[in-house]
Enquirer: 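I'd like to ask some things about the structure below.
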Amino acid sequence: MSTPEPEVTDVLVVGAGQAGVAMSEHLSAQGVAHIVVERHRIAERWRSERWDSLVANGPAWHDRFPGLEFTDVDPDAFATKERVAAYFEEYAQQINAPIRCGVEVQAVHKLPHAAGFQVQTSAGAIRARYIVAATGAFQVPAIPPLVPEHAGLTQLHSAGYRNPQQLPDGGVLVVGAGSSGVQIANELRQAGRQVTLAVGPHDRPPQRYRNRSFVWWLGVLGKWDAATPAEGAEHVTIAVSGADGGRTIDFRNLAADGITLVGRANAFEHGVMRFGTDLATNICGGDENYLTLLDEADAYIERMGLDLPEEPAARELGPDPECVTDPILELDLAAAGITSIVWATGFRADYSWLQVNAFDEVGRPVHQRGVSREPGVYFLGLPWQSRRGSSFIWGVWHDAKYLADQIAIQQSYRAYTPSTPALAGA
């Protein structure tokens, strides 16, 4: 029995989340034939890898693509995770995106002695001239190898957390001070749990200041377009929340609500977790980031002559709680009644299916604005791909346009045919 011929397309886009949908829109605008494959459903991570109460951290007027508004969400409100997933389904339908769900890419290899790639999928082979890896960087939950599985604790990543009822009775240690860790810790505390929150370096912008959202301030101040993170801030997370209608995160308020703050979780031995001495430094760094943004916002208002209400109370920071001034450096988890750990420690990429020369020695994509060093391979949805906003919903849309333009340029080179040289003496 002969092997069926592979399906042929110009571009294969792998992943149908926000990056894949955006890429499809811009490829269609360029008239480039393409297929988008998704191993689950459109925007699956919003559906099944987020906790039940999650809402977007930015308002609906901002956290969207230009071509479609949230018709049933107030522009200044925060869409639920289910509504965000439905939004991408609606968008895909609006642009007639050629998305095939339930198709997993198993391997991509460069064609020998030819341009393009051979792709093995769960639905058969595809041959494509270009590959766009639109799976982003948030693929595999990253859990530090600190606490062994046999330690007698329930451990799960924030991607697997759903609600407080999911965890056994007892206290909870939440590791990570970004948006996920802060929101999960707060939800657990509101449910009556004793919560300890390990806090690392972070930025904490005001959710709103002087009647404007933080996303507006980052925009008019040019911070979304920063090309690279500040020196030493490559892995600094952002603590912001759209929960409860959106509010500014202040770790002092979390402590006042009964959450015990500790430094970074550094080591675990014989049931004892050891924390860093960096808690006060991390809180102070977050405060500096917050107050600096307020200063820049005030200066912008004055420079532009805007009539926005003053908000002096925003600068009032309360005293540091005892858990910051006299930090806990080690904790016997069993003695403290802690039975669970939620690791809000981010993700790592998994490009094991993309077997081409596009990665460095530790498996990170080598690229310039998503254009990889392997001709014909492109990445989309990476943090800081072209700017600070690259991994956000609206940012990935703009990066997708750039990549579609680059693919169209390459196609124009391929289509070039030299004119017939004139005969000598003619």
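For reference, positions follow the sequence shown, starting with 1.
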Enquirer: Could you work out, with side chain to side chain contact (heavy atoms under 4.5 Å, CB included) as the rule, every residue matching A142, not counting sequence neighbours?
Expert: none
Enquirer: Is it true that E25 and K401 have a side-chain N and a carboxylate O under 4.0 angstrom from each other?
Expert: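 A salt bridge is absent here (no side-chain N lies under 4.0 Å from a carboxylate O).
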Enquirer: Which residues pass the side chain to side chain contact (heavy atoms under 4.5 Å, CB included) test with S53, sequence neighbours left out?
Expert: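 If we apply the side chain to side chain contact (heavy atoms under 4.5 Å, CB included) test to S53, skipping adjacent residues, the hits are W51, E187.
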Enquirer: Answer whether the closest heavy-atom distance between the side chains of V147 and I341 falls below 4.5 Å.
Expert: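 Touching, per the 4.5 Å side-chain cut-off.
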Enquirer: Is it true that R315 and D298 make a salt bridge, defined as a side-chain N closer than 4.0 Å to a carboxylate O?
Expert: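 D298 and R315: salt-bridged.
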Enquirer: Using the side chain to side chain contact (heavy atoms under 4.5 Å, CB included) criterion, which residues pair with E288? Sequence neighbours excluded.
Expert: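 E288 satisfies side chain to side chain contact (heavy atoms under 4.5 Å, CB included) with C284 once adjacent residues are dropped.
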Enquirer: Check this for me: does any side-chain nitrogen of one of R373 and D360 sit under 4.0 Å from a carboxylate oxygen of the other?
Expert: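 Salt bridge absent between R373 and D360.
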Enquirer: Side chain of W394, backbone of P66: donor and acceptor closer than 3.5 Å?
Expert: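 No; judged by distance alone, with no hydrogens or angles, the pair does not exist.
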Enquirer: Would you check if the side chain of T196 reaches a backbone N or O of L173 as a donor-acceptor pair within less than 3.5 Å?
Expert: no
Enquirer: Within 45 degrees of the ring normal and closer than 6.0 Å to the centroid, is that where the cationic atom of R64 sits relative to W61?
Expert: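 No - R64 does not lie over the ring of W61 by the 6.0 Å and 45° rule.
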Enquirer: Can you find a heavy atom in the side chain of D405 that is under 4.5 Å from one in the side chain of Q410?
Expert: no
Enquirer: Does the pair I407 and Y378 meet the rule for a side chain to side chain contact (heavy atoms under 4.5 Å, CB included), with working shown?
Expert: CA-CA 9 Å; I407 291 172; Y378 302 84; 3.7 Å; yes
Enquirer: In terms of heavy-atom contacts, does CD of Q190 have more than 12 from other residues, nucleotides or ligands at under 6.0 Å?
Expert: yes
